[in-house]
Amino acid sequence: MTEPILTVADLSVRIAGLHILQGVSFTVAPTGVTVLLGRNGVGKTTTLRAVLGLTPRGGEARGTVRTGGRELLGRPTHRLVRAGLGYVPEDRDVFAGLTVAENLRLAERRGATPAYDRVFALFPELDRRGRQRAGSLSGGQQQMLAIGRVLLNDNRLLLVDEPTKGLAPKVVTEVAEVLERVAETVPVLLVEQNLAVVRRLATDAVVLSAGRVAWAGGAGELLGSAELTRSLLGVGSGEVPVSARSEPGLRAPQPRTEGGAA
């Protein structure tokens, strides 16, 4: 059996007195896309942030997070990034006052050759808009920049948090196409609520509920069962989540929960 690229065991996170994650355990396959699913507020973003060592000051994370036999929990975030963990945050977090080119330069890892050819092949718009301030980009263009910053470097694993959130249908398709191509060469741990995107990308699925793993298995098995998707996610297997129905294909922004996590 192929060794998982990431093993999370009994991960518990407390933030501001709240027990957000309560013994979460799952693995990420060394190929393809593993998706973290669940209703709002169950701990999906908190899980990604805990893996990256981004638990808020005063918070506490316990358990085991391992890759390649090495324990990640407790290591500084910058060292995890240099070791090959790439992260695309939920709200993009581009530097609005800097240009596109400056945002990309800041993402270059010391001692490595940045893959500008790869980034610009996937996102030619970023090449054309190199001198434009990131804050003046559209939401879709900012998402491309956020993904491009990560892809500038070689990674062992990508953690991507709701990359299609709030994007127009055409841009959702473009982002999904890019992630599909990226997943051919690097495994992805993805948080996503657009089930059409999940159906296209995911090979494995982990469903969180109230800070625990409620279900884990093949994504096809989950999405092929109306009973499972309805009981675990609150939608039928062929539906878009209720929160996404403000416009066909467009997922409306969600209220923040868990002190900022989704």
Side-chain angles (χ1 to χ4, degrees), residues 1-38 41-90 93 109 146 149-150 153-163 179 182-183 185-192 201-219 257-262:
M1 180 175 291
T2 306
E3 189 77 16
I5 187 66
L6 184 75
T7 299
V8 177
D10 199 27
L11 178 62
S12 294
V13 175
R14 291 181 182 271
I15 301 174
L18 298 177
H19 200 176
I20 307 300
L21 300 183
Q22 304 177 34
V24 167
S25 299
F26 64 90
T27 60
V28 175
T31 58
V33 176
T34 298
V35 64
L36 272 179
L37 296 169
V42 298
K44 304 184 297 295
T45 290
T46 298
T47 300
L48 294 193
R49 292 179 64 84
V51 169
L52 264 294
L54 293 172
T55 303
R57 185 181 298 275
E60 179 184 34
R62 293 185 176 181
T64 298
V65 180
R66 300 181 69 84
T67 182
R70 299 183 66 186
E71 176 62 48
L72 305 184
L73 213 59
R75 295 182 64 195
T77 300
H78 68 276
R79 291 189 178 180
L80 297 180
V81 171
R82 289 176 184 170
L85 267 66
Y87 178 48
V88 181
E90 177 183 6
D93 288 347
R109 288 182 191 155
R149 289 185 308 189
V150 171
N153 304 288
D154 291 328
N155 295 283
R156 302 183 66 230
L157 173 66
L158 291 184
L159 291 84
V160 184
D161 196 355
E162 298 211 45
L179 290 176
V182 168
T185 57
V186 61
V188 177
L189 177 58
L190 172 71
V191 171
E192 180 57 71
L201 297 179
T203 47
D204 299 293
V206 178
V207 181
L208 299 185
S209 178
R212 300 178 183 272
V213 173
W215 189 92
T257 54
E258 303 178 8

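For clarity, every value in this text was computed on a predicted model and none was experimentally measured.
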Original post:
Hey, does V51 have a side-chain heavy atom less than 4.5 Å from the side chain of L85?
Top reply: yes
**OP:** With sequence neighbours left out, write down each residue that passes side chain to side chain contact (heavy atoms under 4.5 Å, CB included) with A214, or none if nothing qualifies.
**Re:** S209, L232
Original post:
Heavy atoms, side chains only, cut-off 4.5 Å: are T47 and V191 in contact?
Top reply: no
**OP:** Please examine the side chains of L54 and Y87, heavy atoms only from C-beta on, and report whether any two atoms are closer than 4.5 Å.
**Re:** yes
Original post:
Can you tell me if K44 uses its side chain to pair, donor with acceptor, with the backbone of L208 under 3.5 Å?
Top reply: no
**OP:** Heavy atoms only: give me the nearest D161-T45 pair and the separation to one decimal.
**Re:** OD2-OG1, 2.7 Å
Validation: residues 21-30 side-chain donor-acceptor distances under 3.5 Å, sequence neighbours left out:
residue : atom : partner : partner atom : Å
Q22     : OE1  : R212    : NH2          : 3.3
Q22     : NE2  : H19     : O            : 3.2
S25     : OG   : D10     : N            : 2.7

**OP:** Taking side-chain hydrogen bond (donor to acceptor under 3.5 Å, both in side chains) as the test, write out the residues that go with D93, two or more places apart.
**Re:** none
Subject >> Side-chain (T203) to main-chain (V33) donor-acceptor, under 3.5 angstrom >> reply: yes
Original post:
Would a 4.5 Å heavy-atom cut-off, applied to side chains only, mark L201 and V35 as touching?
Top reply: no
**OP:** Kindly compute the distance separating CG (L80) from OG1 (T77), expressed to the nearest 0.5 Å.
**Re:** 6.0 Å
**OP:** Using side-chain hydrogen bond (donor to acceptor under 3.5 Å, both in side chains) as the criterion, list what pairs up with D204, not counting sequence neighbours.
**Re:** none
Subject >> Contacts of V182 that satisfy side chain to side chain contact (heavy atoms under 4.5 Å, CB included) - sequence neighbours left out >> reply: L122, L151, L158, V178, V186
**OP:** Taking the side chain as every heavy atom from C-beta outward, state whether L52 and L159 have any atom pair closer than 4.5 Å.
**Re:** yes
**OP:** Check whether any side-chain heavy atom of V81 sits under 4.5 Å from a side-chain heavy atom of R109, and report yes or no.
**Re:** yes
**OP:** Would you check if L179 and P163 make a side-chain contact, meaning some heavy-atom pair closer than 4.5 Å?
**Re:** yes
**OP:** Apply side-chain hydrogen bond (donor to acceptor under 3.5 Å, both in side chains) to R75 and list each qualifying residue two or more places apart in sequence or on a separate chain.
**Re:** none
Original post:
Nearest heavy-atom pair of A50 and L11: which atoms, and what distance?
Top reply: CB-CD2, 4.0 Å
Donor-acceptor contacts under 3.5 Å from residues 60-70 side chains, at least two apart:
residue : atom : partner : partner atom : Å
E60     : OE2  : R62     : NE           : 2.8
E60     : OE2  : R62     : NH2          : 2.8
R66     : NH2  : G69     : O            : 2.3
T67     : OG1  : I5      : O            : 2.5
T67     : OG1  : R156    : NH1          : 3.2

Original post:
Rounded to the nearest 0.5 Å, how far apart are OG1 of T55 and CD1 of I15?
Top reply: 6.0 Å
